[in-house]
Amino acid sequence: MLPRLYVSGGTCRMPSSPSRERLSVVIGGHVDHGKSTLVGRLLADSNALPEGKLEQVRALCERTGRPFEYAFLLDALKDERSQGITIDTARVFFTAPRRDYLLLDAPGHVEFVRNLVTGAARADAALLVIDAQEGVRDNSRRHGYLIGLLGIRQLAVVINKLDLVEYSEACFHELAGEYTRFLAGIGLTPRQVIPASAREGVNLIGPSDRIPWYHGPTVLDALDGFAPNRPPAEAPFRMPVQDVYKFTGDGDDRRIVAGSIESGTLRRGDELVFYPSGKRARVRTLEAYPGPAPELLAAGAAAGFTLEEQLYLTRGELATRAGEPRPAVSTRLRVGLFWLGARPLITGRDYLLKLGTARVPVRVESIQRSLDAASLTTRSPADNVLRHEIAECVLELGRPLASDTVALSPGTARFVIVDEQEIAGGGLVHEALADPRLPVREKVLLRNYKWETSFIPAELRSERYRQQPTLVLITGPRETDRKHLAKALEARLFEAGHVVYYIGMANVLYGVDADLAREAANRAEHLRRLAEVANLLLDAGVILVVSAAELEHDDLELIRTAAPPDRVLTVWLSGSGAEGTQNVDLTLEAGAPLDQQLERLRALLVARGALRDVS
Ligand code: GTP
Ligand code: MG
């Protein structure tokens, strides 16, 4: 069989044949050490190039008076518009006799991290290329470190450009020894260290008499020797939810949950649990466009499915299968990360963390230590992480996030950090730590898991009532008259035909909470129960107006943990005194005219999509 070649785009239109094994290998190493040459030559020598491509590129070089480079092949393939090919970073798919490969040729750190962490193809293994003449350089060490940091345990080292040192065995052994010692220091053991000359095609796919002293594997042998991380079928099912699509047919209210399967398999009838919400439903159908629904979808596949019970799901949830090891859900993570940003990573600043399809605001809570990935000098304790440093940190997330450990599912253990729209770092979750909301969240996960879904989907209720269920929490200092405002809002919405209900704290305290003393130690439980009551009424489609004195940040977070967070609006009714700035959706002045306050509340509800069709 002749190998075939594809260069795929950022959205990975990679052909995948279920019967062929596929392995992703990221190529790393210092600038100009020959990574692209190695990939280009590997393709050329294994007959993986399209007919005539090599001659075409050679001819072009001759015409333009440039010396021919194998690396040009990759660029030339990028321009294969006729085949509908476009690429961002070099992702080269090729079919070798043993299996299919996706080679990720990373020109720089950011691309290297992106290749390791994001996209449809995550690396199973790494090939690190070192120039025999230049020797081990900063990026050789940094890329080695990154591989270890991100939990990739399979790697091979290529000592390249041996032609420049007259194929010296001594030179090869010296470099192999130096780099292997460095890797050992960071806990990595390469499977092989392979002598080669990419440009001369020495020892890439076959043995060469230029290095008679060497009897080990070729570069292709090394690739063939890597094992896929874990046979996908054995791994627990993980699918980050990309989107939820609506069927638009008459009377057809189905929703397709779509995403790319990270690990495991999916069948009709499987019972799924989505995290961080903990919601549960059975798979009704697997969907495919075009064509018949598949029986089974496995890791790597783009999946679409409908559910027996209609759940309210959003992008960023992680689909898992009931009965399998579950991901951790937390707002605090202990991580190892690598910083690439020109500005140092500092505590207290806002960043964005991307893991799977989730995008979550993040801050660094603490930095245990940081270390220069090239020189291995350590700073501890550190209050920032400089470019090219590795750090052990605790991250604090703005919202709960579902994550795994690398042993369970590498794809949902690796993340990147974005600073002002740019990827500025990447890392691996070591451990999800307990956060203050953990006890409440565990109750909520169980409640959602056990939840009995009625025949009436939330959307039907929402259409009938012309509103989105919403909890309006009106809080503020003790002296303000929150109750009056809350009751007036209820009355105004009721008049306008809405399904609305007012709850004062006393209604809960002396009823649902009758068994709980009114003391500080019980505050969290009081709030949890209030949020549980709210959750029931929200599920019934109601707009709920609650007044409560002096709810603080932690109280609001607790309520957002037990009640659906995207359905909670917070309003601060400020008194005469100076109060600390509250992170709320709306602040009103206690002294302002009631009509004006009500108008602003209504405008907020409209802006947040809670009220439809209101006059
Ligand atoms: P960046 O993508 O810029 O980091 O570089 P790279 O690692 O992809 O290196 P590339 O393949 O572009 O090669 C850099 C230069 O080294 C080119 O001029 C190659 O021709 C040359 N080169 C690569 N491999 C060999 C080799 O085995 N022997 C010799 N003599 N030159 C080589
Ligand atoms: Mg290159």
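The figures that follow rest on heavy atoms only: side chains count, while hydrogens, waters and symmetry mates do not. For ligands, and for the atoms within them, numbers begin at 1 and follow the listed sequence.
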_Cationic N near anionic O, under 4.0 Å, E55 to R58_ = no
_Proximity winner for atom 15 (C) of ligand 1, if only heavy atoms of Q133, K161, R41 are counted_ = K161
*Cation over ring, R267 on F305, under 6.0 Å and within 45°?*
no
*If the plane angle is over 60° it's perpendicular, under 30° parallel, otherwise tilted; pick one for H30 and H33.*
tilted
*In total, how many protein N/O/S atoms does one find closer than 2.8 Å to the Mg ion (ligand 2)?*
1
*asked:* Looking at every non-hydrogen atom in both residues, tell me the closest pair between D124 and I152 and how far apart they are.
replied: O-CG2, 4.0 Å
*Which one holds for D32 and ligand 1: side chain close, backbone close, both close, or neither close, with close meaning a heavy atom under 4.0 Å?*
both
*Give the residue, atom name and distance (to 0.1 Å) of the protein heavy atom nearest atom 2 (O) of ligand 1.*
S36 OG, 4.0 Å
*E174 atom CD, neighbour heavy-atom count above 12 within 6.0 Å*: no
*Under 3.5 Å, N or O to N or O, is A198 touching ligand 1 that way?*
yes
*Which of the atoms of ligand 1 are close to N160, meaning less than 4.0 Å from one of its heavy atoms?*
24 (N), 25 (C), 27 (O)
*Give the intermediate values and the outcome of side chain to side chain donor-acceptor pair (under 3.5 Å) for residues S36 and D105.*
CA-CA 6 Å; S36 305; D105 176 23; 2.6 Å; yes
*Which ligand 1 atoms, with their elements, are less than 4.0 angstrom from a heavy-atom of S197?*
26 (C), 27 (O), 28 (N)
*Measure the acute angle between the ring planes of F172 and W213, then classify it against the limits of 30° and 60° as parallel, tilted or perpendicular.*
tilted
*Check: L38 N/O within less than 3.5 Å of ligand 1 N/O*: no
*Apply side chain to side chain donor-acceptor pair (under 3.5 Å) to Y145 and D372, showing your working.*
CA-CA 10 Å; Y145 217 118; D372 185 294; over 6 Å; no
*E431 atom CD: more than 12 heavy-atom contacts under 6.0 Å*: yes
*Indicate yes or no: does R315 engage D243 in a salt bridge with an N to O separation below 4.0 Å.*
no
_Interfacing atoms of ligand 1 (cut-off 4.0 Å, heavy-atom, V31)_ = 3 (O), 4 (O)
*Hey, is T37 touching ligand 1 through its side chain, its backbone, both or neither, going by heavy atoms under 4.0 Å?*
both
*Evaluation steps, salt bridge (charged side-chain N to carboxylate O under 4.0 Å, His left out), between R181 and E178*: CA-CA 5 Å; R181 278 192 297 280; E178 178 189 347; over 6 Å; no
*Of the side chain and backbone of D163, name the one, both, or neither that has a heavy atom under 4.0 Å from an atom of ligand 1.*
side chain
*Evaluate the side chain to side chain contact (heavy atoms under 4.5 Å, CB included) criterion for residues I130 and V136: first the C-alpha distance (whole Å), next the side-chain angles of each, then the deciding distance (0.1 Å), finally the verdict.*
CA-CA 6 Å; I130 292 178; V136 179; 4.1 Å; yes
*Of the listed options (E69, H30, H33, R199), which comes nearest to atom 17 (C) of ligand 1 when hydrogens are ignored and any heavy atom counts?*
E69
*Tell me, please: is E200 in heavy-atom contact with ligand 1, that is, under 4.0 Å?*
no
_Does ligand 1 come near enough to K35 that some N or O of the ligand is less than 3.5 Å from an N or O of the residue?_
yes
*Numbered atoms and elements of ligand 1 in range of L164, under 4.0 angstrom, heavy atoms*: 30 (N)
*Ring centres under 6.0 angstrom apart (Y351, W339)*: yes
*Name the closest protein heavy atom to atom 9 (O) of ligand 1, giving the residue it belongs to and the distance to 0.1 Å.*
G34 N, 3.1 Å
